[in-house]
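The next block holds one structure in the form of C-alpha cells; read it before the comments.
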Protein chains: 2
Amino acid sequence: MAATRAPRLTTKGQATRRRIVEGAAEEIRERGIAGTTLDDIRARTATSKSQIFHYFPGGKEELLLAVAAREAERVLEDQEPHLSNLDTWSAWQSWRDAVVARYERQGINCPLGMLITELGRATPAAQALTSQLIGQWQAALRTGIQRLQDTGEVDPQLDADRTAAALVAAVQGGVTILMSTGRLNHLEAALDTSLTFLRTAAPNVG
Amino acid sequence: MAATRAPRLTTKGQATRRRIVEGAAEEIRERGIAGTTLDDIRARTATSKSQIFHYFPGGKEELLLAVAAREAERVLEDQEPHLSNLDTWSAWQSWRDAVVARYERQGINCPLGMLITELGRATPAAQALTSQLIGQWQAALRTGIQRLQDTGEVDPQLDADRTAAALVAAVQGGVTILMSTGRLNHLEAALDTSLTFLRTAAPNVG
DNA sequence: GCTAAAATGGACCAGCAAGTCCATAAACTG
DNA sequence: CAGTTTATGGACTTGCTGGTCCATTTTAGC
C-alpha cells in the first residue's frame with residue numbers, strides 16, 4: 001500500500017530494475033542478507049544510489065521483498081518440468097532427483113530462507129509470499145498424489161492434501177538441515193522415506 | 001581458538017554472565033537477531049558495555065554463539081522426558097504432542113534458526129553446534145525406533161537411523177514453515193504422517 | 001526538435017551500533 | 001589488612017549504511 005507510487009518504466013528502466021534485483025539476489029546468495037549492503041549491490045550492478053531508490057522507493061525493504069519474490073519463483077521453476085507431471089512413480093523419482101540436485105548445487109545458501117527469517121517478522125508481505133509459495137508447492141504435490149490415486153497406485157483413502165503438506169515439510173526440513181550443516185543426507189532420507197511411504201500406501205495394503 | 005582467553009570467574013561473575021546470555025536470548029526471541037543490539041541487551045540485563053566485552057571478549061559474535069548453544073540445549077530439554085523414553089506407541093504420541101505444544105507456544109520465533117542462518121555462514125563453530133544438536137536429536141529418535149523394533153512393533157528391516165533422519169527433517173521443516181507462515185498444520189501433518197509411516201512399517205506387513 | 005517524464009550520477013547527511021578506554025569499586029588470596 | 005585480580009560504569013570514538021538531494025543526461029511522445 002504505502003510503497004511504490006510506480007513511475008512508468010521505460011524499456012531501459014525495466015532492464016535496470018531487473019539487473020538490480022538479480023544482482024541483489026546474487027550478492028545475498030554469496031554474502032548472506034546481513035552481509036549485503038546497498039552499496040555492494042550498487043557496485044555489483046553498476047548503478048548509483050539514486051537508481052536503487054528510484055526503482056525501489058521503499059528502500060532496502062522493498063528491494064529485499066522483490067528479491068524474495070524472485071527467489072520464490074525460482075524455487076518452483078527449478079523443479080519443473082517434473083513438479084507438474086507427477087503421474088508415475090518414475091516421474092516422482094525424477095522429481096526427487098531434481099530437488100536433490102538443485103539443493104546440492106545451491107549448497108549452504110538458501111537465499112529465500114534468509115529473506116524469510118529476516119523479513120518475515122517485519123513484513124506481512126513477506127509472510128504472504130511464503131504462504132503462497134508453500135501453497136503452490138503443496139498443491140502441485142497434492143495433484144501428483146491424486147493422479148496416483150486415480151490410476152490406482154495409491155490408496156484413495158489417503159488424505160492427499162495432508163500428505164502433500166507433510167512432504168513439503170519434509171523437503172523444507174531437509175533443506176534447512178543442509179543449510180545449517182552442509183549435509184545432504186537428511187534431505188535425501190526425507191524424500192526417500194516419504195516416497196516409500198507413498199508406495200507403501202498402496203490400495204492392496206489398506 | 002582465537003577467543004576467550006577466559007579470566008577466572010567469581011561466583012558473581014558467573015551469575016552476571018548467565019544473566020547476559022539469558023537476557024540476550026529473550027531479546028532475540030522478541031525482536032529477532034537483526035533487531036537486537038548490544039545496547040538493548042545491556043539495558044535489559046542491567047549491565048554495562050564493558051561487562052559484555054569482559055565476559056565475551058569476542059564481542060557480539062561470541063555472545064550470539066553462547067546464546068545459540070543455550071537455545072540448542074533448550075530444544076532438547078523441552079522434549080523431555082518424552083524423547084528419552086520412546087518405548088511404546090503412546091510414548092511416541094506424547095512426544096509428538098510435546099513437540100507440537102512447544103512450538104505452538106514459541107510461535108513465530110525460532111531463535112535457534114535465526115542464530116543459525118545468521119551465524120552459520122560466518123562461524124564454523126555455529127555449524128558444529130547445529131550438527132551436534134541434530135545428531136543428538138536423531139540419535140534419540142533412532143533409539144526409540146530400535147526399541148519398537150526390539151519389541152517387534154516395527155519391521156526390523158527398516159533402517160532406523162535413516163528413518164530417524166527423515167523424522168528430524170520432517171519436524172524441522174514443519175517448524176520452519178510454522179515460523180514463516182504462522183501455520184501449525186504442516187508440523188502436525190509432518191509428525192502424524194511420519195508416525196503413520198512407522199506404524200505401517202509393522203513386521204506383519206513386510 | 002521540443003517538452004515533459006524518466007533515468008542516472010554521486011556528493012552529502014545523520015544516526016546508530018560495535019567496540020575501546022580508563023577509572024573505580026568489589027572480591028578473593030595469603 | 002595489603003595487594004592483586006576481577007567486576008563494573010559509562011563516556012567516547014569510529015566506521016559504516018541507509019537514505020536524501022539536486023544536478024545532469026537520456027528517452028518518449030507529439
Side-chain angles (χ1 to χ4, degrees), chain A residues 2-24 27-28 30-68 114-115 118-119 122-123 126, chain B residues 2-24 27-28 30-67 114-115 118-119 122-123:
Chain A
T4 359
R5 155 123 294 110
R8 293 205 332 268
L9 297 186
T10 68
T11 324
K12 194 178 176 187
Q14 289 179 335
T16 304
R17 202 196 121 105
R18 225 188 316 261
R19 184 154 41 95
I20 294 175
V21 173
E22 293 297 329
E27 194 71 26
I28 290 174
E30 290 176 17
R31 302 237 196 291
I33 199 169
T36 298
T37 75
L38 290 188
D39 222 58
D40 296 334
I41 296 171
R42 189 197 55 65
R44 173 172 216 134
T45 59
T47 50
S48 67
K49 229 22 175 329
S50 61
Q51 279 171 289
I52 294 183
F53 283 86
H54 179 64
Y55 294 106
F56 305 93
K60 195 179 193 186
E61 184 169 316
E62 189 180 341
L63 171 55
L64 290 183
L65 199 61
V67 172
M114 296 173 182
L115 289 160
E118 199 83 4
L119 288 177
T123 333
Chain B
T4 357
R5 156 123 294 109
R8 289 201 343 261
L9 298 186
T10 68
T11 323
K12 194 179 177 188
Q14 289 179 334
T16 303
R17 203 196 122 104
R18 224 188 316 260
R19 184 155 41 95
I20 293 175
V21 173
E22 293 296 331
E27 194 71 26
I28 289 174
E30 289 175 19
R31 300 238 196 294
I33 199 169
T36 297
T37 75
L38 289 187
D39 222 58
D40 296 334
I41 296 171
R42 191 197 53 65
R44 174 172 214 133
T45 59
T47 49
S48 68
K49 221 42 172 314
S50 62
Q51 279 171 291
I52 294 184
F53 283 86
H54 179 64
Y55 294 107
F56 305 93
K60 196 180 192 185
E61 184 169 317
E62 188 179 342
L63 171 54
L64 290 182
L65 199 62
V67 172
M114 295 173 182
L115 290 160
E118 198 84 4
L119 288 177
T123 333

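Numbers restart at 1 for each chain; the letters A, B, ... are given by sequence-line order, proteins then strands. Fair warning: this is a prediction, and the values are worked out from it, not measured in the lab.
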How many whole angstroms separate atom CG of B:D39 from atom C1' of D:dG9? 13 Å

Give the rounded distance in Å between these two atoms: NZ of A:K60 and P of D:dT17. 8 Å

Closest to the A:T11 side chain, choosing from C:dC21, D:dA28, C:dT8: D:dA28

Any A:T16 side-chain N or O less than 4.0 Å from OP1/OP2 of C:dT8: yes

Round to the nearest Å and state the distance from B:Q14 atom CD to C:dA27 atom P. 15 Å

Would you say the side-chain atoms of B:Q14 and B:T11 include a donor-acceptor pair closer than 3.5 Å? no

Whether the side chain of A:K49 and the base of D:dG19 hold a donor-acceptor pair under 3.5 Å is what I'd like checked. yes

Hey, does the side chain of B:Q51 reach the backbone of B:S48 with a donor-acceptor pair shorter than 3.5 angstrom? yes

Over how many whole Å does the gap from B:L63 atom CG to C:dA17 atom P extend? 15 Å

Write down the distance between CZ (A:R18) and P (C:dA7), rounded to a whole number of angstrom. 13 Å

d(NZ, B:K12; C1', C:dA25) in whole Å: 8 Å

Separation of D:dT6 atom C1' from B:R8 atom CZ, nearest Å, is 9 Å

NA contact type, B:T10, heavy-atom cut-off 4.0 Å: base, sugar-phosphate, or nothing? sugar-phosphate

Starting at the 5' end of DNA chain D and moving along, which residue's nearest nucleotide shows up first, A:T37 or A:F53? A:T37

In this structure, CG of B:L64 is separated from CD of B:E61 (nearest 0.5 Å) by 8.0 Å

Please tell me if B:Y55 has a side-chain N or O lying less than 4.0 Å from either OP1 or OP2 of D:dT6. no

Shortest side-chain distance from A:L38, nucleotide among C:dA7, D:dG19, D:dT8: D:dG19

Any A:Q51 side-chain N or O less than 4.0 Å from OP1/OP2 of C:dT8: yes

Rounded to whole Å, how long is the line connecting atom NE2 of A:H54 with atom P of D:dC22? 17 Å

